[in-house]
Amino acid sequence: MVFLSGSTQPANDSLRFFAQKRGIGIGAAVAIRPLRKDSSYRTVLAREFNMLTPENVMKFKPIHPERDRYDFVAPDTLVDFAKRHDMQVRGHTLVWYQSEPDWLTANKWTREELMTILREHINTVVSHYRGQLVAWDMMNEAIADNASLRDTIWLKTIGQDYIELAFRWAHEADPKVRLFYNDYDSEGLGAKSDAIYALVKDLRQRDVPIHGVGLQMHVSINNPPNPEDVAANIKRLNDLGLEVQITEMDVRIGSGTENLEQRLAQQAAVYRNMMRVCLEAENCTAFVVWGLSDRHSWIPSHYNQPDLPLIFDKSFRPKPAYEALIEELQRM
Ligand code: 9MR
């Protein structure tokens with residue numbers, strides 16, 4: 001395949017070419033280090049995708065490392081890259097319990113102090129990128145695995161209205177950017193996705209500015225989400241007037257008993273099925289994979305075993321999952 005680096009005309013056999021024809025965004029999570037250092041990474045990213053999500057550099061800790069200091073250098077680099085290659089950017093993420101800096105967690109704050117901190121954080125970051133992003137994962141993983149509100153510093157100190165306050169503050173800072181609630185293990189139907197549905201329904205009913213729900217889609221070939229359940233979940237969110245995006249897809253193949261070829265084929269089927277569900281839904285507007293190639297993925301270190309969860313291999317060659325997505329995008 002021929003890579004046309006820096007071209008604004010998408011190559012007519014690329015994912016972004018076909019996704020554009022179908023009217024959806026096709027995105028990848030981008031890590032700053034390979035973006036800076038690896039020209040193959042940059043080439044494949046610009047050729048194949050029309051959307052990107054910063055994998056880490058817009059999170060609270062890196063972007064707001066001290067109470068009175070923000071660091072926009074790395075995220076600005078990413079946004080510049082996107083502009084140069086005619087790609088949209090999804091901001092990720094403003095409120096997430098896993099990315100809180102020490103200055104925040106090591107102190108005891110009053111409710112008023114913590115509200116001021118959160119408001120300033122959201123206002124500063126969202127204003128910095130005003131008009132430049134299509135979406136923000138405003139609220140990340142605020143529902144716990146047992147389907148109750150996650151016990152975070154925000155919930156403990158501010159109370160459950162921290163969620164709606166955060167959406168309102170973000171909307172004030174950039175009234176045009178689409179604000180998402182984003183979570184994992186809640187793509188189909190079940191207690192957690194019901195809890196998210198109830199939360200966003202309540203927000204909508206009270207006119208809190210929320211525009212979409214992100215289905216992260218960190219899944220595995222062993223128990224992939226049932227496509228009908230995912231379709232039903234997306235549909236009920238549509239009935240609330242909400243957009244849906246698949247925001248962080250990767251598919252673990254583990255070590256299983258089948259040979260590698262078989263596992264890669266199963267992986268391709270999971271990607272294909274989820275793309276099909278998205279294309280068939282009225283309100284599914286983007287499909288984002290959580291990394292570019294198997295060379296850079298959070299999965300092996302997190303699960304402490306090798307894996308190949310993405311759509312390009314370690315040498316950036318397209319895998320069966322890539323071909324499945326291309327086929328699915330072309331199927332009318
Ligand atoms: O892929 C990300 C990894 O590089 C980071 O170390 C980790 C902690 O910041 O976050 C990973 O991305 C997460 C995303 O931001 C939110 N959903 C779950 C993702 C995987 O943990």
Side-chain angles (χ1 to χ4, degrees), residues 27-38 41 45 49 51-65 71 74-75 77-79 89-105 121-122 125 129 133 135-145 150 152-154 163 166 170 179-188 192-193 195-196 212-220 225 244-254 274 286-312 314:
V30 174
I32 189 69
R33 220 171 294 142
L35 184 76
R36 284 187 173 135
K37 298 210 163 121
D38 185 342
Y41 185 96
L45 181 64
F49 298 92
M51 181 179 265
L52 62 80
T53 305
E55 184 171 358
N56 289 309
V57 294
M58 281 186 185
K59 289 173 182 170
F60 204 126
K61 191 173 182 162
I63 213 167
H64 192 173
D71 182 353
T77 303
L78 246 135
V79 172
V89 181
R90 300 190 79 261
H92 177 86
T93 173
L94 293 160
V95 185
W96 186 32
Y97 76 105
Q98 269 191 43
S99 186
E100 285 149 2
D102 295 342
W103 67 261
L104 180 64
T105 49
H121 175 79
I122 290 173
V125 177
Y129 292 109
L133 310 186
W136 262 111
D137 288 328
M138 162 66 234
M139 184 64 54
N140 204 38
E141 303 170 12
I143 303 283
D145 295 341
R150 193 183 286 281
T152 66
I153 178 175
W154 313 109
I163 297 179
L179 301 177
F180 277 69
Y181 177 88
N182 188 48
D183 215 323
Y184 64 90
D185 274 0
S186 46
E187 291 77 14
K192 186 169 174 184
S193 91
I196 292 168
V213 171
L215 308 180
Q216 292 187 4
M217 204 68 76
H218 294 293
V219 300
S220 129
V244 166
Q245 300 189 336
I246 291 173
T247 51
E248 308 188 9
M249 186 156 183
D250 45 29
V251 182
R252 301 190 297 283
I253 63 168
M274 293 304 122
F287 186 101
V288 181
V289 290
W290 203 242
L292 199 58
S293 90
D294 289 334
R295 188 189 295 216
H296 311 276
S297 162
W298 68 290
I299 298 275
S301 63
H302 184 83
Y303 289 88
N304 205 12
Q305 67 163 359
D307 210 311
L308 304 168
L310 294 165
I311 66 172
F312 290 93
K314 290 185 177 168

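Start at 1 and go down the list; that is how both ligands and their atoms are numbered. Computed from a predicted structure; not experimentally measured. Computation of the quantities below employed the complete heavy-atom set of this structure, encompassing side-chain atoms and omitting hydrogens, waters and symmetry-equivalent molecules.
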Peer 1: Can a donor-acceptor pair be found between the side chains of Glu248 and Asn182 at a distance below 3.5 Å?
Peer 2: yes
Peer 1: Going by heavy-atom distance to atom 11 (C) of ligand 1, choose the closest among His302, Lys59, Gln216.
Peer 2: Lys59
Peer 1: Examine Trp136 together with His92 and report whether their ring centres are nearer than 6.0 Å.
Peer 2: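 Distance test on ring centres: not under 6.0 Å, no.
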Peer 1: Establish, yes or no, whether a centroid distance under 6.0 Å links the rings of Trp290 and His296.
Peer 2: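 No - the distance between ring centres of Trp290 and His296 does not fall below the 6.0 Å cut-off.
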Peer 1: When you look at Asp250 and Trp298, which way does the side chain to side chain donor-acceptor pair (under 3.5 Å) test go after all the steps?
Peer 2: CA-CA 10 Å; Asp250 45 29; Trp298 68 290; 2.8 Å; yes
Peer 1: Which ligand 1 atoms, with their elements, are less than 4.0 angstrom from a heavy-atom of Glu141?
Peer 2: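 Under 4.0 Å from Glu141, ligand 1 has these atoms: 16 (C), 17 (N), 18 (C).
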Peer 1: Students should be able to answer this: which protein heavy-atom is nearest to atom 12 (O) of ligand 1, and at what distance?
Peer 2: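 Here the nearest protein heavy atom works out to Trp290 NE1, 3.3 Å.
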Peer 1: For atom 19 (C) of ligand 1, grab the closest protein heavy atom and report residue, atom and distance to one decimal in Å.
Peer 2: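 Here the nearest protein heavy atom works out to Glu248 OE1, 3.4 Å.
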Peer 1: Just jot down the ligand 1 atoms closer than 4.0 angstrom to any heavy atom of Asn140, in number order.
Peer 2: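 Close to Asn140: 16 (C).
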Peer 1: For the CD1 atom of Ile143 and the CD1 atom of Ile163, what is their distance to the nearest 0.5 Å?
Peer 2: 6.0 Å
Peer 1: Considering the heavy atoms of Asn56, write down every atom of ligand 1 situated less than 4.0 Å from one of them.
Peer 2: 2 (C), 3 (C), 4 (O), 5 (C), 7 (C), 9 (O), 10 (O)
Peer 1: Are His218 and ligand 1 in contact, using a heavy-atom cut-off of under 4.0 Å?
Peer 2: yes
Peer 1: Does a side-chain heavy-atom distance below 4.5 Å link Met217 with Val288?
Peer 2: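 Heavy-atom side-chain distance check fails, nothing below 4.5 Å.
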Peer 1: Determine, stepwise, if the pair Asp38 / Arg295 fulfils salt bridge (charged side-chain N to carboxylate O under 4.0 Å, His left out).
Peer 2: CA-CA 11 Å; Asp38 185 342; Arg295 188 189 295 216; 3.7 Å; yes
Peer 1: For atom 13 (C) of ligand 1, which candidate among Trp96, Trp298, Tyr184 holds the nearest heavy atom?
Peer 2: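 Shortest heavy-atom distance from atom 13 (C) of ligand 1: Trp96.
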Peer 1: Which residue supplies the protein heavy atom nearest to atom 1 (O) of ligand 1, what is that atom called, and how far is it?
Peer 2: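 Result for atom 1 (O) of ligand 1: Glu55 OE2, 2.4 Å.
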